[in-house]
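Everything on this sheet refers to the single structure shown next.
Letters A, B, ... are given to chains in the order of the sequence lines, protein chains preceding strands, and every chain is numbered from 1.
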There are 2 protein chains.
Amino acid sequence: MADPAQKSSDEPLIEPACAVFRRFLKQQGLKFTSERAKILNAVLSKSSVFEADQLLTEMRDVGHSVSRPTIYRTLKHLRHANIIRQVLIDAKQSHYQLSIGQDPQSYLVCIDTNEIFAVAAPEIDEFTRKICSDHGFEPVSHRLIMYGVSPKSQAAEDDESSGNEVLR
Amino acid sequence: MADPAQKSSDEPLIEPACAVFRRFLKQQGLKFTSERAKILNAVLSKSSVFEADQLLTEMRDVGHSVSRPTIYRTLKHLRHANIIRQVLIDAKQSHYQLSIGQDPQSYLVCIDTNEIFAVAAPEIDEFTRKICSDHGFEPVSHRLIMYGVSPKSQAAEDDESSGNEVLR
DNA sequence: CTTGCTGCAAAAGTTTTGCACACGT
DNA sequence: ACGTGTGCAAAACTTTTGCAGCAAG
């Protein structure tokens with residue numbers, strides 16, 4: 001967490017991310033439009049994992065009108081700019097996570113409620129490096145997803161088993 | 001050719017898996033049909049990760065005609081019977097992996113070729129248990145996906161960057 | 001002014017479902 | 001015989017794409 005000037009751990013570096021994105025776009029010959037700015041801001045406001053459609057709904061609720069295609073196109077650019085990453089927790093649709101501030105890359109998923117919690121698991125890093133080198137791989141990134149029963153669901157365990165599809 | 005009491009480590013326990021599936025189906029009031037048997041056998045022949053459509057194609061090539069809906073319906077039952085599990089490596093479609101013989105639950109994905117290698121990483125187990133308990137979760141299962149560059153791709157690194165979409 | 005961007009509508013892709021008929025128990 | 005399974009066709013769903021007008025550099 002070596003930041004150039006100041007380290008606010010609550011506000012997730014809004015200015016830098018915007019600068020990173022603008023630099024990336026310019027370098028690719030792409031344009032920084034108001035839609036892209038609004039989507040980036042919406043993304044920066046997410047503290048945990050989010051879905052494309054969720055983003056669209058929330059932006060429209062706030063009065064920002066963006067089309068679904070533009071959301072997807074911008075998410076793709078944000079991925080290539082290494083500002084967000086895809087998470088793949090659910091087979092139904094993609095999830096995304098901000099990756100520019102901190103990058104947990106580890107997730108706890110409750111198999112009852114489908115809630116997703118990003119958690120820190122720094123020890124995993126060295127293990128993945130070791131495994132990669134054992135197999136001759138050059139490590140790039142990794143993702144650890146753990147499925148289990150959240151404390152809340154353990155408490156409500158005697159209720160009807162909450163008709164949710166169990167994902168494993 | 002399979003005698004009741006013999007353990008070959010190459011053949012991945014065909015009889016047991018079939019028995020497990022039949023027991024599961026009976027217990028659920030479901031039926032063991034020839035299609036389900038054929039799909040189970042096709043699944044048991046897969047040594048690594050596979051896709052639903054791949055399974056369909058391979059079965060048809062061998063002369064077994066099954067419909068796509070039946071494949072999906074049967075895969076769902078196999079999941080609930082804990083014979084296979086979903087892997088979620090690619091946003092495009094689901095991947096599945098046999099989980100009844102051995103369960104690696106760790107994967108090396110080459111970001112150039114998209115090849116997927118299942119690898120053993122037993123040390124991860126105790127870490128995930130620790131992380132779960134740190135957060136009050138009751139651990140159920142987990143999955144570790146590592147992205148990197150395979151030895152083969154590192155060798156061919158100077159070629160054109162193989163127009164593949166990089167998944168992260 | 002040139003080039004890329006947006007929104008609409010529609011396409012593409014995987015996965016699911018309704019229904020009539022067939023099969024396992 | 002009963003109830004469940006199968007295949008077909010079509011729906012549902014997320015994500016992508018073609019195109020005409022619009023906006024950023």
Next item on the list: Starting from P on dT3(C), measure out to CD on Gln28(A) and report it in whole angstrom.
Entry: 18 Å
Checklist line | Side-chain donor/acceptor contact of Lys31(A) with base of dT3(C) under 3.5 Å | finding: yes
Next item on the list: Specify the residue among Ser34(A) and Ala52(B) whose closest nucleotide of DNA chain C lies further upstream toward the 5′ end.
Entry: Ser34(A)
Note to self: What is the separation between atom NZ on Lys92(A) and atom C1' on dA12(D), rounded to the nearest whole Å?
What the structure shows: 9 Å
Check: Think Thr33(B) has a side-chain N or O under 4.0 angstrom from the OP1 or OP2 of dT6(D)?
Finding: yes
Next item on the list: Give a yes/no on whether any side-chain N or O of Tyr72(A) is located under 4.0 angstrom from OP1 or OP2 of dT16(D).
Entry: no
Next item on the list: Please report, rounded to the nearest Å, how far the C1' atom of dT15(C) is from the NZ atom of Lys76(B).
Entry: 8 Å
Margin query: Classify Arg68(B) by what it touches in the nucleic acid, base, sugar-phosphate, or nothing, heavy-atom distance under 4.0 Å.
Written below: base
Next item on the list: Round to a whole Å and report the spacing from CG of Leu30(B) to C1' of dG3(D).
Entry: 11 Å
Notebook entry, point to check: Between dT4(D) atom C1' and Glu35(B) atom CD, what is the distance in whole Å?
Noted result: 12 Å
Next item on the list: For dT15(C), take OP1 and OP2 only and decide whether either is under 4.0 Å from a side-chain N or O of Ser94(B).
Entry: yes
Notebook entry, point to check: Has Ser67(A) got a side-chain N or O lying under 4.0 Å from the OP1 or OP2 atom of dC8(C)?
Noted result: no
Notebook entry, point to check: When you measure from the side chain of Glu58(B) to the backbone N and O of Ala42(B), does any donor-acceptor pair fall under 3.5 Å?
Noted result: no
Check: Taking atom C1' of dT16(D) as reference, at what distance in whole Å does atom CD1 of Ile71(A) sit?
Finding: 15 Å
Check: Between Ser99(A) (side chain) and Ile83(A) (backbone), is there a donor-acceptor pair under 3.5 Å?
Finding: yes
Note to self: Treating Arg143(A) as the side-chain partner and Gln86(A) as the backbone partner, does any N or O pair qualify as donor plus acceptor under 3.5 Å?
What the structure shows: yes
Margin query: Both Asp53(B) and Pro69(A) contact DNA chain C. Which one's nearest nucleotide lies toward the 5' end?
Written below: Pro69(A)
Item checked: Distance (rounded to the nearest 0.5 Å) between Thr70(A) OG1 and Leu56(A) CG -> 9.5 Å
Note to self: Rounded to whole Å, please give me the gap between CG in Leu75(B) and P in dT6(D).
What the structure shows: 12 Å
Note to self: Considering every strand and a 4.0 Å limit on heavy-atom distances, what is the contact class for Thr74(B): base, sugar-phosphate, or nothing?
What the structure shows: nothing
Next item on the list: Would you mind telling me which of dG7(C), dG7(D), dG5(D) lies closest to the side-chain atoms of Arg73(B)?
Entry: dG7(D)
Note to self: Applying a 4.0 Å non-hydrogen cut-off, can you work out what Lys26(A) is touching in the nucleic acid: base, sugar-phosphate, or nothing?
What the structure shows: nothing
Notebook entry, point to check: Whole Å only: how far is the CE atom of Met59(B) from the C1' atom of dT6(D)?
Noted result: 13 Å
Notebook entry, point to check: Taking the six-membered ring for Trp, is the centroid-to-centroid distance between Tyr147(A) and Phe137(B) below 6.0 Å?
Noted result: no
